[in-house]
Amino acid sequence: MTTTTKLNYRELAEQVLQGHALTKEEALALLEAPDEDLLDILHSAYAIRKHYYGNKVKLNMIINAKSGLCPEDCGYCSQSIVADTPVEKYAMLNKESILAGAQEAIARKAGTYCIVASGRRPSDKELDGVIDAIKEIRETTSLKICACLGFLSETHASKLSEAGVNRYNHNLNTSKENYDNICSTHTYDDRVDTVTKVKESGMSPCSGVIMGLGESPEELVNVAFSIKSLDVDSIPVNFLNSIDGTPLETYKNLNPRQCLKAVAMFRFVNPTKEIRLSGGREINLRSLQAMGLYAANSIFVGDYLTTQGQEPTSDWGMIQDLGFEIEECAL
Ligand code: SF4
């Protein structure tokens, strides 16, 4: 792939709205555009975002339902057995705690409650416990449920789907070519397999990336196109918050302009999909985080799995300052 293309971003956005599928060369040109083009790129991404999502912003809240003690060795993760980090370690939360989290999600104006657990895959007992809580949340609130519990068997995927789980998240994280550099205990293809099982089960698939894992711009483009080919509904774009004690603790090479160009690239490549500014938003976009919402249409409100987000009031204020509105909730 070469980057000789100098793009007319606004024209390209118009073409995308008329059905043009971005090429990898065009996607790479967006990522590698000079910083002085940033406003033009965001303006153009906003035309696409506005067409499909207006000025609505979807809010999601995470609960870390099982923390630490994970036997996998994902190099970015503070919950891995190989990480020397002081994260809380606890087994799967009980039903009352998961239900209390649902009330907190409502208080934070989140429409989607994301129940996330560390570990390679859930045990039958863990899955049944989470399902019990999910059924009650679905019966008693209007929250949508997104589960993220690791690899899924067909049986587990069907059980979650039947219990009323609306969405299942399983990130690809990085490109196939870069995968072995961030993890040795499972493969990129294992992750694709679970996303495929989610789709087959009838749950809405969610799969995204973590930017800053040592990937090249070409590799970031490749994973954006892989996600497109999986036709997932929702794409979290995380920005590595490198944590001391993790194997990737020295990976601190992102800047806010790069991150924004990447979010815009994801919007151009996946124009109709929910694009979510995710973990590492505050620390990597810093004073420019509001600008990310010109390309993305979704954020997490509150804390992440093991790191803090900003106060919900700051997120609500940011949305209001932009003249945008919180989406009442739909997936
Ligand atoms: S990302 Fe998930 S699978 Fe990987 S180490 Fe962390 S908790 Fe385990």
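In listed order, ligands and their atoms are each counted from 1. By convention here, the first residue in the shown sequence is residue 1.
Note that the OG1 atom of T194 and the CG atom of N169 stand 11.0 Å from one another [nearest 0.5 Å].
Of the protein's heavy atoms, Y76 OH, 3.4 Å lies nearest to atom 1 (S) of ligand 1.
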With a 3.5 Å cut-off and sequence neighbours excluded, list the donor-acceptor pairs that the side chains of residues 84-91 form with protein atoms.
from: T85; atom 1: OG1; to: S78; atom 2: O; distance (Å): 2.7
from: Y90; atom 1: OH; to: N64; atom 2: O; distance (Å): 2.5

For residues 33-42, please give each side-chain donor-acceptor pair under 3.5 Å, one per line with the distance, not counting sequence neighbours.
from: D35; atom 1: OD1; to: K261; atom 2: NZ; distance (Å): 2.7
from: D35; atom 1: OD2; to: R257; atom 2: NE; distance (Å): 3.1
from: D37; atom 1: OD2; to: K6; atom 2: NZ; distance (Å): 2.9
from: D37; atom 1: OD2; to: Y9; atom 2: OH; distance (Å): 2.5
from: D40; atom 1: OD1; to: R10; atom 2: NE; distance (Å): 2.7
from: D40; atom 1: OD1; to: R10; atom 2: NH2; distance (Å): 3.2

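With respect to F324, the ring pair (Phe, Tyr, Trp, His ring centres under 6.0 Å) criterion is satisfied by exactly one of Y53, W316, Y294: Y294.
With respect to the salt-bridge test (charged N to carboxylate O, under 4.0 angstrom), the residues K135 and E139 do not qualify.
Residue P71 places no heavy atom under 4.0 Å from ligand 1.
Counting side-chain heavy-atom gaps under 4.5 Å among Ile, Leu, Val, Met, Phe, Trp and Tyr, the cluster of V82 also holds I81.
Neighbours of atom 4 (Fe) of ligand 1 restricted to protein N, O or S atoms under 2.8 Å: the count is 1.
Between the side chains of D193 and T196, no donor-acceptor pair is found at a separation under 3.5 Å.
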